[in-house]
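Notes follow the structure.
Here the structure is a predicted model, which is why all the values come from computation and not from measurement. Both counts, for ligands and for their atoms, begin at 1 and track the order of listing. Values below: every heavy atom of this structure, side chains too, minus hydrogens, waters and symmetry copies.
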Amino acid sequence: MSSEYESTPFSFTDFDLSAPLLQAVNDAGYETPTPIQQEMIPHVLAGRDVVGQAQTGTGKTAAFALPLLSRLQPGKSKNPQILVLAPTRELALQVAESFTEYGKHLKNFNVLAIFGGQDYNIQLRQLQKGVQVVVGTPGRVMDHLRRGTLKPESIHSLVLDEADEMLRMGFLDDVEWILEQLPGRKQTALFSATMPPNIRKIAQKYLSDPVEITIKTKAVTAQTINQRCLVTTGGFTKKIDALSRIIEAESVDGILVFVRTKIQTVEIAEHLVALGFSAAPLNGDIQQSQRLRTVEQLKAKKIDILVATDVAARGLDVERISHVINFDIPFDTESYIHRIGRTGRAGRSGEAILFVNPREQSMLRSIERATRQKIQPMNLPSVADINKKRIEQFKEKITTALQKDISFYENLIAEYLEQTQVEPLQLAAALAQLSQGGTPLLKDEPKFRDEPAPASRRSQPVKTARTARPAEQRPKPRKSMAMQLPPEEGMERFRIQLGNNEGVKPGNIVGAIANEADINSKFIGRISIFDNYSTVDLPFGMPEDVLRVLQRARIGSKAMKLQKIADTTSQPSIQQKTKRRSADTRKQDQIKTPGISANL
Ligand code: AMP
C-alpha cells in the first residue's frame, strides 16, 4: 500500500469546536471533514461572514451548523439566535433535522422548522416555549416577523441556504425584506450552488467583507474505467438490494463499496455477510494493523468486498478490484476521481458504479464535467437476470464437480439406487436441493415495505412525472399559444385564480406550490400567466390531501384557489380512460371554465 494510505487525514478535532459538537459529530460517524467543511468551519468559528459556492451533498449544512452552534450562547435568551432561510419546506426540514442532530448534546437546546402549509399554532407554541435556531422558508418567516411572533432582536447569525434557488423561486424580495428586519450586527453565511449577479449583489449589500469559498474541481480523464450510474429513489433497504443485485449480476472479482460514515461501513458489510457475500468494513476507527490485514485478505481472495470510507481507502492499491461502487455519492469530484481510481489498476479495465438519488443530480453533472465523461445510466439488474446467472453458475459447479474424483460418491449412489429403485433424475434433483442447504437457488422478488424516506429526505410526496423537466429547461410558452399546448406527458393542468392583474410571476407560483405542498420545483411543469388567472401543469395523479393544501395556498395575501382543469391529462391512466366523460360533458366544463380554449 502506498504511503498515502498511512498519512494522517484532517480531523474534526483540528477545529476549535466545542465538546458537545465534537461528540455529536462522532456519534454521527463522520470520519473526516468534507472539503467545504475544512475550508469554511475555521472562518465561521472566527465570526467572519462567508459566501460558499457549494451544492447539496457537499456537507454544506454541517459547514455552517457546527461552527454556528459552537458560538451559540446557551440560556442567553428564549428568542432565536440563529436563523436559516431555505427555499423549500423539504430543505428547511432537512436543515432543522441536521441542527437537531448536531446540537443533541447541548443543554436546553431547541430547533424549529417553520414553513407554509403547517398550522401556525404548532409553530407559535414552539416559538413561545423558546427556540435557539429557526429554519424557515421566506414566506412563513416573513409572516411570523410581521405578526411579532418571531422576535429578531437576538438573532446573531443568519444563513441564506440555496440562495440561487430562492432567487429562482421568486423569493428574493422576501429575503431582502427579512434581512432589513434583522439586527444590523450579525454574522451572515450565504450558500449558493451558482453565483448569478443578483446573488452577488445581495452578498455585496448585506455581508461584511465575506470570505469566499469555492470548492475547485480538478479535471481528469479516467479512460480505462467504465462509469455508470444507477438512480436510486428508495431508502437504505432498496440501496442494499440494488448493491446485492449488482454484485450478483455483474462479472465481479474484488469490490470496493464507498459509503459516507464509519457506522455505515460496518452496517453494510454486516448486511452483505448476512446475504452470503464475503465482506468486511474498512474505516478509520479500525486499527491500522487490522486494516492492513483486511486489505491482505482482499488481495488473497479471502474477502471479496470491502466497504470503506474515503479516508480508510486512501491509496488502496489492489489489482483485483474490478468494481468500485459508490453506495453514497462523494462530497466532491476529487473524492470521486480518487475512489474510482481504485479500480482499473495495473492496466486492467475497471467498472465504477454510482448510486445517485434525484436530489444529487447536480453533483452527478459536476462529476461528469470533472471526468470529462458522460456517466451512463444503468438499469437495476432484474430478478430474472440474477436467476439466469444463478442457474448458469449452478450448472458450472456441477461441471467442475464432475471433473474431480467422485468415485466414492459414485459407489454410494449406485448402492442407493439399487436399494430404493429411485429414478436417477429424481435422485440428482434431491441431491441438488441438499447442496443448497435449505437456501432456495432462485431469488424472489423482494417485497419492500415502502420505507418512508427519513424525514429529512421526504422530497417527492407526489407521483413524479417522468417527463417533467427542470424549470430552466422548460420551454417558455408564447403567451398566445400557451393554452393551446397540451400538458406534457404525465402532467395535468390546473387553474390558479390569480394572474397578471394581481402581479403574479412564475416564480411566485413555483414558490407557493413547492412550499405548501412540498413538491420539488423540478416537477412543476409549464406555467402560463393570463390577465385574470394562470395555469400550471403538475404531475398526473396528485393525492387529494396535497390538492386540498394547494386549494388553500396563497401567493402573498391572496388565495390561489387552485383547481384542476378537467380532461387536461396528456397520458390518462387506464381507469381514467374508462371514466372519461362524453364530449358533451366536456363541452360543459369548458363553458364552466371561462377563458379556457377548446384545445386543452
Ligand atoms: P449536505 O450537503 O449538507 O446536504 O450533506 C449531505 C450528507 O452528508 C448529509 O447526509 C450529512 O449527514 C452527511 N455529512 C455531512 N458531513 C459529513 C462528513 N464529514 N462525513 C460524513 N457524512 C457527512
Side-chain angles (χ1 to χ4, degrees), residues 9-15 17 21-41 44 50 52-69 84 86-88 90-104 135 159-163 165 189 191-193 213 215 232 235-236 239 258-268 281 283-285 307-314 326-336 339 355-364 366-367 453-459 520:
F10 204 78
S11 147
F12 278 98
T13 50
D14 296 335
F15 301 126
L17 291 168
L21 290 164
L22 286 175
Q23 178 64 45
V25 165
N26 194 45
D27 294 348
Y30 296 175
E31 195 159 67
T32 184
T34 69
I36 185 92
Q37 292 164 2
Q38 274 189 39
E39 298 266 343
M40 185 154 284
I41 290 176
V44 182
V50 287
Q53 194 166 349
Q55 59 215 3
T56 295
T58 50
K60 68 180 165 59
T61 316
F64 61 80
L66 293 173
L68 290 182
L69 286 178
V84 182
T88 61
E90 177 213 20
L91 184 65
L93 278 166
Q94 188 184 308
V95 171
E97 200 179 79
S98 299
F99 266 100
T100 308
E101 188 185 350
Y102 302 142
K104 70 183 188 187
V135 187
V159 180
L160 303 176
D161 201 3
E162 297 196 357
E165 191 62 14
F191 284 83
S192 200
I213 292 162
I215 299 302
T232 51
F236 183 78
K239 279 174 96 175
F258 279 100
V259 296
R260 276 190 178 148
T261 64
K262 296 179 268 192
I263 301 165
Q264 273 180 304
T265 60
V266 177
E267 260 176 23
I268 294 174
N283 69 50
D285 273 359
V307 186
T309 53
D310 288 289
V311 173
R314 199 169 289 213
N326 294 278
F327 190 88
D328 290 321
I329 197 164
F331 294 112
D332 64 336
T333 53
E334 275 189 49
S335 310
Y336 176 81
R339 283 178 179 190
F355 288 0
V356 57
N357 73 36
R359 278 184 59 82
E360 293 162 342
Q361 294 294 327
S362 74
M363 179 57 89
L364 173 64
S366 304
I367 291 173
S456 60
R457 302 285 181 214
R458 235 179 274 128
S459 57
N520 190 316

| said: Taking distance alone, with N or O pairs closer than 3.5 Å, would you say Thr58 contacts ligand 1? | reply: yes
Note: ligand 1 atoms sitting under 4.0 Å from heavy atoms of Gln94 are 4 (O)
Within the 4.0 Å heavy-atom cut-off, what Thr32 brings close to ligand 1 is backbone
Minimum side-chain heavy-atom gap Phe64-Phe99 below 4.5 Å: yes
All heavy atoms of Leu68 vs all of Val44, minimum pair found to be CD2-CG1, 3.6 Å
Between Val266 and the options Val259, Asp285, Asn283, the side chain to side chain contact (heavy atoms under 4.5 Å, CB included) test singles out Asn283
Ligand 1 to Phe12, heavy atom cutoff 4.0 Å, flagged ligand atoms 19 (N)
Quiz prompt | contact_flag Glu101 ligand 1 heavy-atom lt 4.0 Å | solution = no
To the nearest 0.5 Å, atom CD1 of Ile329 lies from atom CZ of Arg260 at 7.5 Å
In ligand 1, the atoms that come under 4.0 Å of a heavy atom of Thr61 are 1 (P), 3 (O), 4 (O)
Quick check: does Tyr30 get an N/O under 3.5 Å from an N/O on ligand 1? yes
- Any idea how Tyr30 and Phe12 line up, ring-wise: parallel (<30°), tilted (30 to 60°), or perpendicular (>60°)? tilted
Looking only at non-hydrogen atoms, the one of Pro35, Gly57, Ala28, Pro33 nearest atom 4 (O) of ligand 1 is Gly57
Regarding Asp332 and Ser335, is there a side-chain donor-to-acceptor distance under 3.5 Å anywhere? yes
